Amino acid sequence: MNQGTPPRLRFAPSPTGPLHPGGVRTALFNYLLARQTGGTFVLRIEDTDQNRFVEGAEQFIIDSLAWCGIKFDEGVHMGGPYGPYRQSERKSMYRQYATELVEKGAAYYAFDTEQELDEMRDRMKASGTASPQYNSITRVNMKNSLSLPADEVRRRLGAGDPYVIRFRMPRNEELRVQDVIRGWVVVNTAQLDDKVLFKSDGMPTYHLANVVDDKLMRITHVIRGEEWLPSTPLHVLLYRAFGWEDSMPQFAHLPLLLKPDGDGKLSKRDGDRLGLPFYAISWTNPETGETTAGYREAGYFPNAYVNFLALLGWNPGDNREMFTMEELVQLFSLERVNKHGARYDFQKLAWFNQQYLRKIAPADLALMVRPQVEAAGWQTTSGFLEEVCRLMRERLTLVGDFSNMCIYFFEFPRQYDPEVVEKRWKSPVPSCFLSLADALERVDAMGAGELESVFESIVVAAGLKQGQLMQAFRLALSGEVGGPALFEMGALLGRDSVVARLRRAVEMLGHG
RNA sequence: GGUCCGUUCGUCUAGGGGUUAGGACACCAGAUUUUCAUUCUGGUAACAGGGGUUCGAUUCCCCUACGGACUACCA
């Protein structure tokens, strides 16, 4: 199938809201395969449902994928030889295809009103059918061009009666559909219904539009979510009815992304519930004005996010798990995609981010952290900031953690950890610190070495062990229990600040 | 309910007729560290159940259970 010609893949979301992580992963897998094979990657917008259109969703999709480093070759935002790439702009071409199917006997007009449809379903439920279908059995009792006399059909069409075009599903035919990930999937058409292909508002449904566009855009591989597996037989039948089966794309249905715990598929609520970002970039609902945090804004790295997503449902077959986009392009294969759903583990994502963060040079990290520093109103130099980054890098998981974890580098402790105060702030600690402050004032250049030796001399003079004073010293400087190497931290803060912090601590916490 | 898809440590997964069932996250313990983090070492922890096939099944087949998707003039 499609040998010799370079593959053409597409990502075809509908702009009904912000792009879900599952969508990002689908786009990623398509992208990886396109790059690997020297193929083309297309972004097509499936906006055939005018009622569900959400303002800004299309741009959000584009921006999200751009942030992830997923690039297109053709698409709604950049044009290309197979445009337009927005289905609403292709509206005029679908009717002819739907009509063609009617002419070939593979589809028919149906005039049933919503009410009549409901009545049919109620009737069938009442007589024991669990899921009523508009199919080869029931269609004879409905109002359509198969059940109505030809002249009435003509009259209704001529009079402009609203109608839809439905697929004429064969009564009982075994259908074999091949999926790259799942192998052969067999279904009987008796289980399928006469799906609407063309809606009364003049727009096609997904089923028709997707087949027609994939054909017209010469798509060779359809990689999409598992939720499409049940309707793939219909799509195959559509290709067949059009006489396009020879150039039908290969199908691959990706396993779902599941909730981190509990049952069901991953949803925005899971992020909300855990207080974690959910979308690639932040999203503001145009109707409610409500904003959902994004990974970009929270200080995650796009390559960490992509790395994490790539391993949900796919693996290279060995124990490696850190990959650049280039490596993913090289290693990816549909054959190694799992069949079962994968839970979305926020914790593992954080771990990936931490791994990437540690590889960032302090100077670069300083640049990334700058906006937070400014937002906090801290005055600093780039040199100082870089040093803080050098000291704190190992302790951060997210770039966004910086402003919370590094406060004491920029201002005096806001509070002193009560537990440490209780345990360490005892005589003669305060008076030692007063002496330490005095001694430091006589030092000209205070590096980590000088600080340590002065500290040491105070310790000796007081007849104590170094360890007895260290914790309290950290407390005086930062107010916290943990942190980077103490003397390096002190040296970075500078002599004057250290002296001031010591005196202030004694003032605040008393003399023991 | 029906159809389809699935089921290896808590999670992501490797493996595959004979293995001490491997790795990673998380968790726990120890070492290191003034401390937190890091790092290092170690540990707990899995083939859903039942039938076959086979000398042998976690691996192949069937059934059951469980989970999921779909079941719209939504995609």
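Note on naming: letters A, B, ... go to the chains in the order of the sequence lines (proteins, then strands), and numbering restarts at 1 for each one. Note that the coordinates shown come from a computational prediction; the quantities given were computed from them, not determined experimentally. Values below: every heavy atom of this structure, side chains too, minus hydrogens, waters and symmetry copies.
For the 3.5 Å distance criterion, the side chains of A/Asp213 and A/Tyr94 qualify, holding a donor opposite an acceptor.
Salt-bridge formation is detected for the pair A/Lys195/A/Asp193: a Lys NZ or Arg NE/NH1/NH2 atom is positioned less than 4.0 Å from an Asp or Glu carboxylate oxygen. Ion pairing between A/Asp49 and A/Arg52 holds under the 4.0 Å rule for side-chain N and carboxylate O. Between A/Asp270 and A/Arg273 there is a salt bridge, since at least one side-chain N of the basic residue sits less than 4.0 Å from a carboxylate O of the acidic one. Residues A/Asp194 and A/Arg166 are not paired through a salt bridge, judged by the lack of any N-O separation under 4.0 Å between the basic side chain and the carboxylate. Ionic pairing of A/Arg44 and A/Asp214 is present here: one or more N-O contacts between side-chain nitrogen and carboxylate oxygen are shorter than 4.0 angstrom.
Within the 4.0 angstrom heavy-atom criterion, only backbone atoms of the sugar-phosphate kind lie near A/Val185; the bases stay farther away. Residue contacts for A/Lys348: at a heavy-atom cut-off of 4.0 Å it reaches a base atom on one of the strands shown.
When the side-chain nitrogen and oxygen atoms of A/Arg358 are compared with OP1 and OP2 of B/U39, one or more of them lie within a distance under 4.0 Å. Here A/Asn338 reaches the OP1 or OP2 of B/A14: one of its side-chain N or O atoms lies under 4.0 Å away. In terms of phosphate contacts, A/Asn315 brings a side-chain nitrogen or oxygen within less than 4.0 Å of OP1 or OP2 of B/A14. A sub-4.0 Å separation between OP1 or OP2 of B/A75 and a side-chain N or O of A/Thr48 is present. Using a 4.0 Å cut-off, some side-chain N or O of A/Lys199 falls inside it from OP1 or OP2 of B/C74.
For B/U39 and B/A26, the P atoms lie 10 Å apart once the distance is rounded to whole Å. Remark: the separation of the P atoms in B/A37 and B/U20 is 38 Å, to the nearest Å.
A/Leu256 places its CG atom 13 Å from the C1' atom of B/C4, with the value rounded to the nearest Å. Computed from coordinates, the A/Glu321 CD to B/C12 P distance equals 14 Å when rounded to whole Å.
You'll find that the side chain of A/Arg336 is closest to B/G15, out of B/C73, B/G15, B/C74.
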Residue pair A/His221, A/Phe251: steps toward the ring pair (Phe, Tyr, Trp, His ring centres under 6.0 Å) verdict: CA-CA 6 Å; A/His221 301 256; A/Phe251 294 102; over 10 Å; no
Could you run down nucleotides 30-36 of chain B 5' to 3' and tag each one B, S or - for protein heavy-atom contact under 4.0 Å? ----BBB
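With a 3.5 Å ceiling on both atom-pair distances, the Watson-Crick or G-U wobble partner of B/U71 is B/G1.
With hydrogens and angles left out, the side chain of A/Ser131 and the base of B/G2 share no donor-acceptor pair within 3.5 Å.
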